[in-house]
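FYI, side chains are in, hydrogens and waters are out, and symmetry mates aren't considered; it's all heavy atoms of this structure. Residue numbering restarts at 1 for every chain, and letters A, B, ... go by the order of the sequence lines.
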Amino acid sequence: SAVISQKPSRDICQRGTSLTIQCQVDSQVTMMFWYRQQPGQSLTLIATANQGSEATYESGFVIDKFPISRPNLTFSTLTVSNMSPEDSSIYLCSAGTEAFFGQGTRLTVV
Amino acid sequence: SQQGEEDPQALSIQEGENATMNCSYKTSINNLQWYRQNSGRGLVHLILIRSNEREKHSGRLRVTLDTSKKSSSLLITASRAADTASYFCALSNFGNEKLTFGTGTRLTIIP
């Protein structure tokens with residue numbers, strides 16, 4: 001099983017600013033995934049991050065709003081750009097076929 | 001992409017009773033996984049069941065999969081207060097590791 005470390009665990013941000021969330025896996029993985037969980041809702045996939053190529057975004061999510069980096073096989077970042085209160089959610093990364101998740105980042109935009 | 005539909009949406013039972021939650025889906029899957037989430041924290045992986053498997057056990061957890069009915073169930077036996085959480089099924093299709101999550105069941109165990 002993979003161990004996934006995500007940080008920050010929570011943050012309160014001003015609208016219009018950006019936040020970068022980091023995700024570190026303890027083993028090399030081909031694909032990493034970023035999900036959003038809005039309050040009281042289930043998880044929705046934002047994008048798939050592949051090392052050495054552009055991330056693949058799901059419908060409703062765009063690179064300008066959620067740029068992703070994947071510099072190597074154990075690390076990825078997700079940036080939430082130009083934030084508004086509607087971006088307040090938990091953001092989670094996962095990796096592995098038997099997908100394991102980080103503890104998530106609880107973002108509040110004020 | 002499909003989403004799993006879970007029922008019930010919420011379930012409250014007395015400690016010591018068994019809890020059963022169900023997940024239904026629409027198209028073929030490669031595997032189905034169950035997760036637990038406590039109070040909006042990260043997800044804890046419980047069990048993965050593959051499309052060619054019918055039943056798996058892990059401690060007090062039992063998962064079944066019926067691909068003909070496109071449904072899965074998670075049974076928690078002898079429930080404990082610490083089982084209070086939201087439970088999600090998550091589906092993956094063949095050739096794709098990304099997961100589509102169900103709507104979730106909020107389980108409350110009453111001491």
Heavy atoms of other groups near B:Arg80 CZ, more than 12 under 6.0 Å: no
Neighbour count above 12 (heavy atom, 6.0 Å) for A:Glu54 CD: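 Counting other residues, nucleotides and ligands, CD of A:Glu54 stays at 12 neighbours or fewer.
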Do [X] and [Y] sit in one hydrophobic cluster, given that two such residues count as connected whenever their side-chain heavy atoms are within less than 4.5 Å of each other, even indirectly?
X        : Y       : value
A:Tyr91  : A:Leu43 : no
B:Ile47  : B:Tyr87 : yes
B:Tyr25  : B:Leu46 : yes
A:Val109 : A:Tyr35 : no
A:Ile68  : A:Ile63 : yes

Atom [atom1] of [X] and atom [atom2] of [Y]: how far apart are they, to the nearest 0.5 Å?
X        : Y        : atom1 : atom2 : answer
A:Gln41  : B:Phe101 : CD    : CZ    : 14.0 Å
A:Gln103 : B:Leu43  : CD    : CG    : 9.0 Å
A:Met31  : B:Lys98  : CE    : NZ    : 10.0 Å

Most contacts with chain A, counted as non-hydrogen pairs under 4.5 angstrom, among B:Ala90, B:Gly102, B:Ser92: B:Gly102
Chain A contacts, top residue of B:Arg106, B:His45, B:Glu6 (heavy-atom pairs, under 4.5 Å): B:His45
Contacting region of A:Leu92 [heavy-atom separation from chain B under 4.5 Å]: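 For A:Leu92, side-chain heavy atoms alone lie under 4.5 Å from chain B.
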Flag side-chain contact, heavy atom, 4.5 Å: B:Arg41 against A:Arg106: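 No, too far: nothing below the 4.5 Å cut-off.
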Side-chain heavy atoms of A:Phe101 within contact of B:Gln37, under 4.5 Å: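 No; the side chains remain at least 4.5 Å from each other.
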Test item: B:Tyr35 side-chain N/O and A:Phe100 main-chain N/O as donor-acceptor pair under 3.5 Å: no
